Amino acid sequence: MKRLLQDHWPIFLLSNISSLTNLLLPLVLVRILNPSEIGVYKTFFLYLTVLPFLALAGGPVHSVYYWIGLEEKESDQYIKTSWLVTVFLSSFILLIGLPLAPLLHEKFHLTLPVFIMLLVSGFLVCPSGHFPEACIARGKKAYGAFLSVLFELLKTAGFILLAWWYREIEYLFSYFFLMMILSFILMTYLGLKNNALTFRIDKAKFKEILKYSLPMSLASALHFVIEKSDLLILSSTLSSEMFAYYSLGCLIIPPLFILDMSVQKVMLPKISQSFRLKRNDDIKREFKKGVSDIAYLMIPSFFGLVFFAPQIVELLYTKDYAHSALYLQIFAFSYLLMIFPHDAILRGTGKTQTVLKISLILAPLALISAYFLSLTYGAGPALIATLVIKATAKGFCLKASGEMIGKKIYEMIPLRRIMEFTLVASCLTLLSYSVKPYFENKLEWFLITAPLFALFYIGYFQRPAFKRALDKIRTS
């Protein structure tokens, strides 16, 4: 129990509660809504993610992990003011979006009321998420993660019930819109009560937060373009039905994203504090540990996604979406890239301009390559090009991080652990394939071998923990 309350585990474990329910969404929605409606659903939530990036509103929220490295009294002032900066930047979504709504909604295959709900929800995303992030940064990891989990649980449960009952996608958008409004009211109240936000403007701190967060926000927006360039381009060039096949193939596995997020949220404050104390070896050690923690689950997941892709697609989406399997096999490589939180050191030390410079070069290249490749060769090559540019961005950022702390890239990466994870996952994959001829049904083969794969993999690396537990039982 003590171990679960340390490091990233409270965030990871609590967030996985909601992620398990989120995994049910495609299982239900693809069996109720037609592929065109699934395409509209994917488009809505793709651009809901885009809007805060365009407004550069995410930077002030995540800056709390930087300000927490200051002395407590000063840190509190910066964290409270960062909420005001978040609201200020988010307001541009409405100021620019609402006047243009009558002109833009058809381009995104959305009705005008749904497009307005998208804009308002986009405005509320970052201000509503500020208080949970502040709690995590202050060390209240379980509480902050719980607040985020609660929203996701209610959202997922509501989506499933409404889709099942009404079988019309507009009800899902209306429910989400109402939830965003209520979430904003609740999180603002809790933020005021817990001294995490203020309505008083400290001009000096406001400007300083903008100075720190805007380069980071712009870099994040450009990084998002690099990450999602294929989806942004294909959402307008493909039909809603074909976009559904493609986007479902780019399977988001919430536990893996939550693992990456939770490790970084614990890592960043430690890197920030070590940087202020000029302890570069501590920065290297924290980064190396973070990479190892992420790789532990990311590497076997990659093998599973590549080799079990057709069965995963059939199980989640039915045989009607079999075309998504190829995209899933290609997209699996993006999870390998997630092993390296390439900009963690640069963000934790305030050197966000380096990330910005790299992203400024690669983001336009990502859009251009995705556009021309999709028109000439199709969606698959566009996805491959996006992965190559992602890897390039990570390489440049890791190189810059190493130079800043005086370390080589290989010194910051736990090569031995990564090789060990890869070797065990490879062996288990070969074993899984060796028994495939003994099953008449491929889906049955997957349902039996995939859990055994996970069980043996985790069991192998948790041997010391199991041994300690047995010794403790024997001696008690």
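Start at 1 with the first residue, then count along the sequence. It should be emphasised that the depicted structure is a prediction, and the values quoted were computed from it without experimental measurement.
- For T156 (side chain) and L153 (main-chain N/O), no donor-acceptor pair under 3.5 Å exists by modelled atom type.
- Salt-bridge check for E227 with K390: passed, with a basic side-chain N closer than 4.0 Å to an acidic carboxylate O.
- Listed by chain and number, the residues in a ring pair (Phe, Tyr, Trp, His ring centres under 6.0 Å) with F396 amount to none (sequence neighbours excluded).
- Between the side chain of N194 and the backbone N or O of A196, no donor-acceptor pair lies under 3.5 Å.
- Checked against F176 for a ring pair (Phe, Tyr, Trp, His ring centres under 6.0 Å), the options Y171, Y41, F45 give a single hit: F45.
- Expressed to the nearest 0.5 Å, how far CE of M267 lies from CD1 of I294 amounts to 5.5 Å.
- Residues passing the side chain to side chain contact (heavy atoms under 4.5 Å, CB included) test with Q329 are A309, P310, L326, sequence neighbours excluded.
- Of the listed residues (D281, D282, I283, I271), just one forms a side-chain contact (heavy atoms from CB on, under 4.5 Å) with I405, and that residue is I283.
- Here E208 pairs with Y78 under the side chain to side chain donor-acceptor pair (under 3.5 Å) rule; sequence neighbours left out.
- In this structure, a donor-acceptor pair under 3.5 Å is present between the side chains of S229 and T386.
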Check residues 86-102 and write down every donor-acceptor pair under 3.5 Å in which the side-chain atom is one partner and the other belongs to a residue at least two apart or another chain.
{"unit_1": "T86", "atom_1": "OG1", "unit_2": "S82", "atom_2": "O", "d": "2.7"}
{"unit_1": "S90", "atom_1": "OG", "unit_2": "T86", "atom_2": "O", "d": "2.8"}
{"unit_1": "S91", "atom_1": "OG", "unit_2": "F88", "atom_2": "O", "d": "2.5"}

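- Taking S213 as the reference, nothing meets the side chain to side chain donor-acceptor pair (under 3.5 Å) condition, with sequence neighbours excluded.
- For the atom pair CE of M412 and NZ of K288, the computed distance is 10.5 Å after rounding to the nearest 0.5 Å.
- Taking A379 as the reference, L234, Y246, Y327 meet the side chain to side chain contact (heavy atoms under 4.5 Å, CB included) condition, with sequence neighbours excluded.
- Taking the ring pair (Phe, Tyr, Trp, His ring centres under 6.0 Å) definition, one finds that Y189 meets it with nothing, sequence neighbours left out.
- Within the 3.5 Å criterion, the main-chain N or O of L197 finds no donor-acceptor partner in the side chain of H130.
- With sequence neighbours left out, F340 forms a ring pair (Phe, Tyr, Trp, His ring centres under 6.0 Å) with no residue at all.
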Could you pull out all donor-acceptor pairs under 3.5 Å where a side-chain atom in residues 413-421 meets a protein atom, sequence neighbours excluded?
{"unit_1": "R417", "atom_1": "NH1", "unit_2": "E420", "atom_2": "OE1", "d": "3.2"}

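- For the side chain to side chain contact (heavy atoms under 4.5 Å, CB included) test, residues two or more places apart in sequence or in another chain that qualify with F177 are M117, V120, S121, I181.
- Inspection of the K80 and N195 side chains reveals an N or O donor paired with an N or O acceptor under 3.5 Å.
- S217 contributes a side-chain N or O that, together with a main-chain N or O of L56, makes up a donor-acceptor pair within less than 3.5 Å.
- Contacts of R279 classified as salt bridge (charged side-chain N to carboxylate O under 4.0 Å, His left out), with partners at least two apart in sequence or in another chain: none.
- Sorted by first then second residue, the ring-ring contact (aromatic ring centres under 6.0 Å, His included) pairs that include residues 252-274, not counting sequence neighbours, are F257-Y335.
- Put simply, the side chain of H105 never gets that close to the backbone of F115: no donor and acceptor are under 3.5 Å apart.
- Although no hydrogens or angles enter the test, the distance criterion places no donor-acceptor pair under 3.5 Å between the side chain of Q273 and the main chain of K270.
- Checked by atom type and distance alone, the side chain of S235 never pairs as donor or acceptor with a backbone atom of T43 at under 3.5 Å.
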